[in-house]
Amino acid sequence: MVSSVSSLHYVRQNNMETKNKKTIKVIDNQTGQELTLEVNNNTIRAVDLAKLGVTVYDPGFLNTASCISRITYIDGDKGILRYRGYPIEELAEKSSFMEVSFLLLYGELPTSRELEHFTHRVLRHTFVKQSLVDIIKATPKDAHPMGTLVSMLAAEGTLYPDANPAINGGDIYNSPMIREKQILRLLGTMPTLAAFIYRHKVGRPFNYPAYGGSRSYTENFMYMLDSMDDPSYRPNSTLVKALDTLFVLHADHELNCSTAAVRHLTSSGVDVFTAFSGAAGALYGPLHGGANEAVLRMLEKIGSVNNVPAFIEAVKNRKARLMGFGHRVYKNYDPRARIVRKLAYQVFEICGKDPLIEIATTLEEHALKDKYFIERKLYPNVDFYSGLIYKAMGFPTDFFTILFAIGRTPGWLAHWLEYLDDPDRKIARPRQNYLGSEERSYIPMTQRNSSGKYSTEYVSPAEKRRVNGFAVTSKM
Ligand code: ACO
């Protein structure tokens, strides 16, 4: 087994000694050192490999589990998604966003008494403090809504010093009541912040939440978006149901980029609002939640069904990316995309069919029979059709990801709770594989050569104008 090349040799072991236990034997081919690793649920512990003096290099966490979770199950090859064991298809059809939020947070479907109480408590926490309203009003009207949301969540954290571990100690979240309060605050205020950001954008006065009435969570959100100073306004029930179902579909997706960010930030002991601000930042990106917006912009750019074949060619030649396609985990049709596609037609019946749907379906048809996409197992993901629904419902394109953020809130919260109780929790601190300079001595200024990496050319004409205006002797 010993070889001159530094390599590790893995052997699946199944002998008498390890009977009933799945193990893997690793042999360092240079030193001959052997290590038997226990395999639990197809997982070995990376720290065990440290005994051989090696670390695991895994950019993008392609094959690294960073926690044990009991919330959401995905089988990417089979296209299966379950929250707490319940198939997403059943939840989308039979459940509601509040019910699914309860399920994700507390592990079981609520009784009717629990659901009523929980919904009532969430709706009693929908008011936001005036200082948040003032901050929204101070943002530019053309600010990207997600940029504002990221700021608002961080700002919201400053309003609750009672729940801030930096002020009141790292163990405050051990209190079930304090945890519960933050859950209600975040679930409750997320739609209000989103609606106020929308109303500010379109230049209309804000509608305060209509709590205490018979409106559901999602109906209340649509009321805040759309009521024209009419407290009796009721949004269309089919559209409410469609949006509620979209929230259900987005509620959790195990360790995606933003949920991993919640856990990562929480590991430092920071307050949950700041952790959510970081998560919203991760969601904002076009490769994650921002993809629904990117899909829409892509479809608009393609412009016509006739241009689809040329666009597909551009994707294959790596000149473009087919947004809303591909997924780190799904190597099959994303089950959420199937449901969203159906929902889109229900929305079109009320709001009219968006012409971009033809381009989207033609793109899908072409991609699903093309070798490039088949070989790479690229299928539509949830964002491929959700943007079309949002567009048909008249939401501004840059507002789409905020709708995703409302839906993802219970998932982020469920992972926050699970993390707080995780006996294995440790501050998230990956290792690096250092390939930089060896130690070297400080070089005096007169003996240095430019690396060429810093350019003195990146100065704007306006900056040159200003600098010259002050009659500086050394011109830039
Ligand atoms: N269009 C064209 N090619 C693609 C696409 C795509 N959308 N997605 C993946 N590929 C190709 C890659 O170029 C790569 O090809 P190669 O092996 O020849 O180099 C191969 O498929 C594997 O792709 P990776 O980028 O390695 O896959 P990864 O798991 O890292 O990325 C991701 C997943 C980011 C979602 C990617 O598929 C993508 O960029 N999709 C478009 C953006 C998108 O829709 N994001 C939303 C995801 S769902 C969500 O977050 C809610």
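Computed from a prediction, not measured in an experiment: that's the story for all the values here. Remember, it's 1-based here, ligands and their atoms both numbered in the order they're listed.
- Residue F404 has at least one heavy-atom neighbour below 4.0 Å for each of these atoms of ligand 1: 51 (C).
- Heavy atoms of L287 found under 4.0 angstrom from ligand 1 belong to the backbone as well as the side chain.
- Heavy atoms of other residues, nucleotides or ligands lying less than 6.0 angstrom from CG of N41 number 12 at most.
- For atom 12 (C) of ligand 1, the closest heavy atom belonging to the protein is R321 NH2, 3.6 Å.
- For the pair N256 and ligand 1, no heavy-atom separation below 4.0 Å is found.
- For E293 and R297, the salt-bridge test passes: some basic side-chain N is under 4.0 Å from an acidic carboxylate O.
- The nearest heavy-atom contact from the protein to atom 50 (O) of ligand 1 is H288 ND1, 2.8 Å.
- Separation of the H366 and F311 ring centroids does not fall under the 6.0 Å cut-off.
- Residue contacts with ligand 1 for H327 involve both N, CA, C or O and side-chain atoms from C-beta outward (heavy atoms, distance under 4.0 Å).
- Contacts between L322 and ligand 1, counted as non-hydrogen atom pairs separated by less than 4.0 Å, involve both the backbone and the side chain.
- At a heavy-atom cutoff of 4.0 Å, ligand 1 is contacted by the side chain of L378 but not by its backbone.
- Ring pair Y198/F399: centre-to-centre distance below 6.0 Å.
- Ring orientation note: the planes of Y217 and F97 are tilted relative to one another, at an angle of 30° to 60°.
- In terms of protein heavy-atom proximity, atom 41 (C) of ligand 1 is closest to F325 O, 3.4 Å.
- For atom 47 (C) of ligand 1, the nearest non-hydrogen atom from the set N381, V382, T401, L62 belongs to N381.
- The closest protein non-hydrogen atom to atom 35 (C) of ligand 1 is G326 O, 3.7 Å.
- Of the protein's heavy atoms, Y372 OH, 3.0 Å lies nearest to atom 3 (N) of ligand 1.
- Close to ligand 1: R318, with a non-hydrogen atom less than 4.0 angstrom away.
- If you look at R376 next to ligand 1, the close heavy atoms, those under 4.0 Å, all belong to the side chain.
- Side-chain contact of N42 with K22: a donor-acceptor pair under 3.5 Å is present, judged by distance alone.
- Not one N or O of G289 is nearer than 3.5 Å to an N or O of ligand 1, by distance alone.
- Residues F384 and F325 bring their aromatic ring centres within 6.0 Å.
- Under a 4.0 angstrom heavy-atom cut-off, F384 registers as lying outside contact with ligand 1.
- The contact set between ligand 1 and A291, taken as ligand atoms under 4.0 Å from a residue heavy atom, comprises 43 (C), 44 (O), 45 (N), 46 (C).
- In this structure, atom 19 (O) of ligand 1 has protein heavy atoms in its sub-4.0 angstrom surroundings.
- In summary, of the residues considered (R263, R179, R70), a salt bridge (charged side-chain N to carboxylate O under 4.0 Å, His left out) with E418 occurs for R263 alone.
- No donor-acceptor contact under 3.5 angstrom links the side chains of S69 and E254, judged on distance only.
- For atom 27 (O) of ligand 1, the closest non-hydrogen atom of the protein is R328 NE, 4.8 Å.
- No salt bridge links R338 with E89; every basic N to acidic carboxylate O contact stays at or beyond 4.0 Å.
- Residue L420 qualifies as enclosed at atom CG: its count of foreign heavy atoms under 6.0 Å is above 12.
- Between Y284 and F404, the ring center distance fails the sub-6.0 Å criterion.
- In this structure, F273 has its ring center at least 6.0 angstrom away from the ring center of F276.
- If you check which protein heavy atom lies closest to atom 51 (C) of ligand 1, you get D383 OD2, 3.4 Å.
- Note that atom 22 (C) of ligand 1 has no protein non-hydrogen atoms nearby, at separations under 4.0 angstrom.
- Ring geometry for F196 against Y208 counts as perpendicular: the plane angle is over 60°, on a 0 to 90° scale with 30° as the lower cut.
- Nearest to atom 2 (C) of ligand 1 among the protein's heavy atoms is V315 CG1, 3.4 Å.
- Per-residue contacts place G324 under 4.0 angstrom from the following atoms of ligand 1 (heavy atoms of the residue considered): 43 (C), 44 (O).
- Every heavy atom of G60 sits 4.0 Å or more from the atoms of ligand 1.
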